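Scroll down for the structure; my scribbles are underneath it.
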Amino acid sequence: MSSFRKPFGLSSPLYAVILVSLALVARGRLASSARPRPRPPLLAYIAFGDSIIDPGNNNNIQTIVKCNFPPYGRDFMGGKPSGRFSNGKIPPDLFVEAFGLKPYLPAYLDPSLKLEDLLTGVSFASGATGYDPLTPQIASALSLSDQLNLFKEYVNKIKSGAGEEKAADIVKNSVYMVVCGSDDIANTYYSTPFRRGEYDIPAYTDLMLNSASSFIQELYGLGARKIGILSIPPIGCVPAQRTLDGGLERACNAPANQAATLFNSKLSSEIESLKQKLPGSKLVYLDIYHKLLSVIQNPSHYGFEVADRGCCGTGNIEVSILCNRLDDLETCQDDSKYVFWDGYHPTENTYKILSDHVIDNYADQLL
């Protein structure tokens, strides 16, 4: 029995009415708080960076870092290997889909693009690029400078097709996403001799940071205002890094993860500093390091069974041209059980978790 007593002077029927009314009000408040908030409209979405957000630009440049062949894309648009480094959709696709903008974000270099595709955004990203200017040279990928030049070309196209006013509106009010840095640490620094003789990790992450800061400021100078910059993920825990540097147990490569966290700390501080320097800007540091690490360390909590190998081939190291139709006999049948699709890139289901995390925690700060 409750020890709560009705207030003095209230008759039982009136008291009952008050209690029922309070309960209904409380229920209404709970229901309204549980209801998802309406999302602000998104005019266009524009992406720069590496393979995490490359929807197929590398298809149209001279590089061996491609994935426009099976089994890539086996869950995308009826099994189309579009050049996305995954089994299905990648983060930009999930972002524009969540905001009702379009079903997926196209690659700017896709020759079939029409004006209406440009008006709602594109990706300039190129698999295997990095903040370090040497990284795209090694892989023959589009550098961040190349991507900015393509962006300038893009702006001129929408000016010609839709007018100066519309183009200015799109440039100012689009959400921009920058995803880069993993290839600098995993490939350029730890997999080649070119930087390690000259830089230790603190100095190398400074080099990366200077490039990242310059890129953000250049993008701002071209009119961008709403810019989200993704952290580097726990790159030492991707299957290929486990195989190459994780020892017999294929543990996560601790030095690579430490380099990533050091860079992320510097990047977060630099973004706070740039906010003060760039009036009218909305710069947001998007931390996905800890979320992905949680998925890797607790896969069953997120509905996965395998976190240390990819689905493609043996799952230990295959990526890009090493993940191909010849691997089909070894490639997993049910990629929904896997955190990673290949030796480097997550599955669409993992990307959904990360994209939801970004939208839920950061979208309001960008829009």
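A quick note: this is a predicted structure, and the numbers were derived from the prediction, not measured.
To the nearest 0.5 Å, the span separating CG on L354 from CD1 on I90 amounts to 13.0 Å. A distance of 3.0 Å separates OG1 in T205 from NZ in K266, rounded to the nearest 0.5 Å. In this structure, CD1 in I271 is found 9.5 Å from OG in S213, a value given to the nearest 0.5 Å. Note that CG of D110 and CG of N59 are 8.5 Å apart. Values are rounded to the nearest 0.5 Å.
Under the 4.5 Å side-chain criterion, counting only non-hydrogen atoms from C-beta, I235 is in contact with V238. Contact of the Y362 side chain with the L230 side chain is not registered, since no non-hydrogen atoms from C-beta on lie closer than 4.5 Å. For the pair L222/V171, no side-chain contact is recorded, criterion being any heavy-atom separation below 4.5 Å from C-beta on. You'll find the side chain of N187 stays beyond 4.5 Å of the side chain of T192, heavy atoms only. In this structure, I227 and V178 have side chains that are in contact, with non-hydrogen atoms separated by less than 4.5 Å. Looking at H345 and C67, their side chains never come closer than 4.5 Å, going by heavy atoms from C-beta outward. In this structure, T129 and D183 have side chains that are not in contact, with every pair of non-hydrogen atoms separated by 4.5 Å or more. Residues L150 and L109 are in side-chain contact: their nearest non-hydrogen atoms beyond the backbone lie under 4.5 Å apart.
Residues A212 and Y131 approach most closely at CB-CE2, 3.5 Å, considering heavy atoms. Among all heavy-atom pairs drawn from G228 and L366, the shortest one is N-CD2, 3.7 Å. Across every non-hydrogen atom of L113 and P106, the tightest pair is CD2-CB, 3.5 Å. Nearest heavy-atom pair, D334 versus R74, reported as atom, atom and distance to 0.1 Å: N-NH2, 4.2 Å. Contact record, F263 with L209: CE1-N, 3.7 Å, taken as the closest heavy-atom pair. Closest approach of Y176 and A224 over heavy atoms only: CE1-CB, 3.4 Å.
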Step by step, would you call Y338 with C332 a side-chain contact (heavy atoms from CB on, under 4.5 Å)? CA-CA 9 Å; Y338 284 70; C332 74; 3.5 Å; yes
For M208 and L267, run side-chain contact (heavy atoms from CB on, under 4.5 Å): C-alpha distance rounded to whole Å, both residues' side-chain angles, the deciding distance at 0.1 Å, then the answer. CA-CA 9 Å; M208 292 170 59; L267 178 65; over 6 Å; no
Checking side-chain contact (heavy atoms from CB on, under 4.5 Å) for the pair M177/I46: CA distance, chi angles, key distance, verdict? CA-CA 6 Å; M177 192 70 72; I46 296 171; over 6 Å; no
Stepwise side-chain contact (heavy atoms from CB on, under 4.5 Å) check, Y190 with I185: CA-CA 6 Å; Y190 281 112; I185 291 172; 3.9 Å; yes
Run the numbers on D184 and T135 for side-chain hydrogen bond (donor to acceptor under 3.5 Å, both in side chains), then give the verdict. CA-CA 6 Å; D184 296 320; T135 301; 2.5 Å; yes
Name every donor-acceptor pair, under 3.5 Å, that has one atom in a side chain of residues 277-293 and the other anywhere in the protein, sequence neighbours excluded.
residue: K277; atom: NZ; partner: Q217; partner atom: OE1; Å: 3.4
residue: S281; atom: OG; partner: L278; partner atom: O; Å: 2.7
residue: K282; atom: NZ; partner: L367; partner atom: O; Å: 2.6
residue: D287; atom: OD1; partner: Y289; partner atom: N; Å: 3.0
residue: D287; atom: OD2; partner: H290; partner atom: ND1; Å: 2.9

Below 3.5 Å, can you tabulate the donor-acceptor pairs from side chains in residues 161-168 to any protein atom, sequence neighbours excluded?
none

Residues 302-319 side chain polar contacts: donor-acceptor under 3.5 Å, at least two apart:
residue: Y302; atom: OH; partner: S294; partner atom: OG; Å: 2.7
residue: T314; atom: OG1; partner: N316; partner atom: N; Å: 3.2
residue: T314; atom: OG1; partner: E318; partner atom: OE1; Å: 2.9
residue: T314; atom: OG1; partner: E318; partner atom: OE2; Å: 2.9
residue: E318; atom: OE1; partner: G315; partner atom: N; Å: 3.2
residue: E318; atom: OE2; partner: T314; partner atom: N; Å: 3.0

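In the model, Y204 has a side-chain atom that pairs as donor or acceptor with a side-chain atom of D132 under 3.5 Å. Between the side chains of Q62 and S140, no donor N or O sits under 3.5 Å from an acceptor N or O. Between the side chains of T347 and T350, at least one donor-acceptor pair of N or O atoms lies under 3.5 Å. Judged by distance alone, the side chains of R84 and S82 do bring a donor and an acceptor atom under 3.5 Å apart. For the residue pair Y108 / E153, a side-chain donor-acceptor distance below 3.5 Å is found, with atom types taken as modelled. One side chain, S143 or D146, offers a donor N or O that lies under 3.5 Å from an acceptor on the other. Between S126 and N57, the side chains place no donor N or O within less than 3.5 Å of an acceptor N or O (distance only, hydrogens not considered).
Side-chain heavy atoms closer than 4.5 Å link hydrophobic residues (I, L, V, M, F, W, Y) into clusters, and following such links, even through other members, never connects I232 to L244. Residues M77 and F95 do not share a hydrophobic cluster, defined by chaining ILVMFWY side chains whose heavy atoms lie under 4.5 Å apart. Under a hydrophobic-cluster definition in which Ile, Leu, Val, Met, Phe, Trp and Tyr are linked whenever side-chain heavy atoms come within less than 4.5 Å, directly or via other members, Y104 and L42 are assigned to different clusters. Both L274 and L144 sit in one connected hydrophobic cluster of ILVMFWY residues. Membership requires side-chain heavy atoms under 4.5 Å apart, directly or through other members. By the criterion of side-chain heavy atoms lying less than 4.5 angstrom apart, applied directly or through intervening Ile, Leu, Val, Met, Phe, Trp or Tyr residues, I321 is not grouped with L326; the two fall into different hydrophobic clusters.
Classified by interplanar angle (parallel below 30°, tilted 30° to 60°, perpendicular above 60°), the ring pair Y72/F69 is perpendicular.
More than 12 non-hydrogen atoms from other residues, nucleotides or ligands lie less than 6.0 angstrom from CD of E116. Sparse packing is recorded around CZ of R325, with 12 or fewer heavy atoms of other residues, nucleotides or ligands lying under 6.0 Å away. More than 12 non-hydrogen atoms from other residues, nucleotides or ligands lie less than 6.0 angstrom from NZ of K275.
Under the disulfide (SG to SG under 2.5 Å) criterion, the residue pairs touching residues 190-287 are C237-C252, with sequence neighbours excluded. Sorted by first then second residue, the ring-ring contact (aromatic ring centres under 6.0 Å, His included) pairs that include residues 207-240, not counting sequence neighbours, are F48-F215.
Between the side chain of N68 and the main chain of P81, no donor-acceptor pair closer than 3.5 Å is present. At distances below 3.5 Å, at least one donor-acceptor pair connects side-chain atoms of T63 with backbone N or O atoms of A139. Panel note: side chain K102, backbone D117; a donor-acceptor pair is recorded below 3.5 Å. Proximity of a side-chain donor or acceptor of S265 to a complementary backbone N or O of T261 within less than 3.5 Å is not detected. Remark: side-chain polar atoms of N253 are not paired, donor with acceptor, to backbone N or O of G246 under 3.5 angstrom. Distance alone, capped at 3.5 Å, is enough to place a donor-acceptor pair between the N264 side chain and the A260 backbone. Of the possible donor and acceptor atoms, none in the side chain of D50 sits under 3.5 Å from a partner among the backbone N and O of G130. A donor-acceptor pair under 3.5 Å is formed between the side chain of K66 and the backbone N or O of I61.
Clustering of Ile, Leu, Val, Met, Phe, Trp and Tyr side chains at separations under 4.5 Å places I138 together with L134, F194.
Between F85 and Y344, a ring centre-to-centre spacing not shorter than 6.0 Å is recorded. Ring centroids of Y199 and Y189 are separated by 6.0 Å or more, keeping the two rings apart.
Taking 4.0 Å as the cut-off between side-chain N and carboxylate O, E97 and K89 count as a salt-bridged pair.
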